[in-house]
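Just so you know, these numbers use all the heavy atoms, side chains as well, and skip hydrogens, waters and symmetry mates.
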Amino acid sequence: MSPPYSDSTQPPEIIANSPYSALQIFAEWAHRGLAMTAGVLIVGTTLGAWVTHRNTPIVKWSATAALVLLPLQVILGGLTVTEDLQPTIVTTHLGVAILILLCLLTTCLVAYLRR
C-alpha cells in the first residue's frame, strides 16, 4: 500500500493544507506530549506524598492541590487551541500552570527540608 501522497519528500496532505507550518504542528504536539508526561509525574508525586509523608500535611495537600488543578489546566489548554488563543484563556492557562508549579515546589521543598 503506497502513501496517500506521490513523493516521499512531500509532507502529508493534512500538513500541506494546514494554515500552520510543520514546525508549528510539531511544537503543538511536543507540548501535548510533555504536558501528558508532566501530568503522569504529578499523579506520581501526589501518590508518593501521601505514602511517604503521612505526617506532613503541607506536603500531602500541596501535592493534592497540584493534582486538583491539573484537570482545569487540561481544559484550559484545549480551550486555548479551540478558541484561537484568546488572551484571557491564554493568561488563565499560564496562571494555573504557575499555581501548579508553586504547589509542586512547595511539596518538594518542604519534603526535602523535613528529611
List, one per line, each side-chain donor-acceptor pair under 3.5 Å for residues 31-42, sequence neighbours excluded.
unit_1: Thr37; atom_1: OG1; unit_2: Gly33; atom_2: O; d: 3.0

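- Transitive grouping of hydrophobic side chains (ILVMFWY, heavy atoms separated by less than 4.5 Å) keeps Trp61 and Leu70 in distinct clusters.
- Within 6.0 Å of CD1 in Ile58 there are 12 or fewer heavy atoms belonging to other residues, nucleotides or ligands.
- Nearest heavy atoms, Lys60 versus His53: CG-O, 3.3 Å.
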For residues 102-115, dump all side-chain donor-acceptor pairs below 3.5 Å to protein atoms at least two apart in sequence or in another chain.
unit_1: Thr106; atom_1: OG1; unit_2: Leu102; atom_2: O; d: 2.9
unit_1: Thr107; atom_1: OG1; unit_2: Ser62; atom_2: OG; d: 2.6
unit_1: Thr107; atom_1: OG1; unit_2: Ala63; atom_2: N; d: 3.1
unit_1: Thr107; atom_1: OG1; unit_2: Cys103; atom_2: O; d: 2.8

Identify every side-chain donor-acceptor pair in residues 71-90 under 3.5 Å, counting partners at least two apart or on other chains, and give the distances.
unit_1: Gln73; atom_1: OE1; unit_2: His93; atom_2: ND1; d: 3.3
unit_1: Gln73; atom_1: NE2; unit_2: His93; atom_2: O; d: 3.2
unit_1: Gln73; atom_1: NE2; unit_2: His93; atom_2: ND1; d: 3.4
unit_1: Thr80; atom_1: OG1; unit_2: Leu76; atom_2: O; d: 2.7
unit_1: Thr82; atom_1: OG1; unit_2: Gly78; atom_2: O; d: 3.2

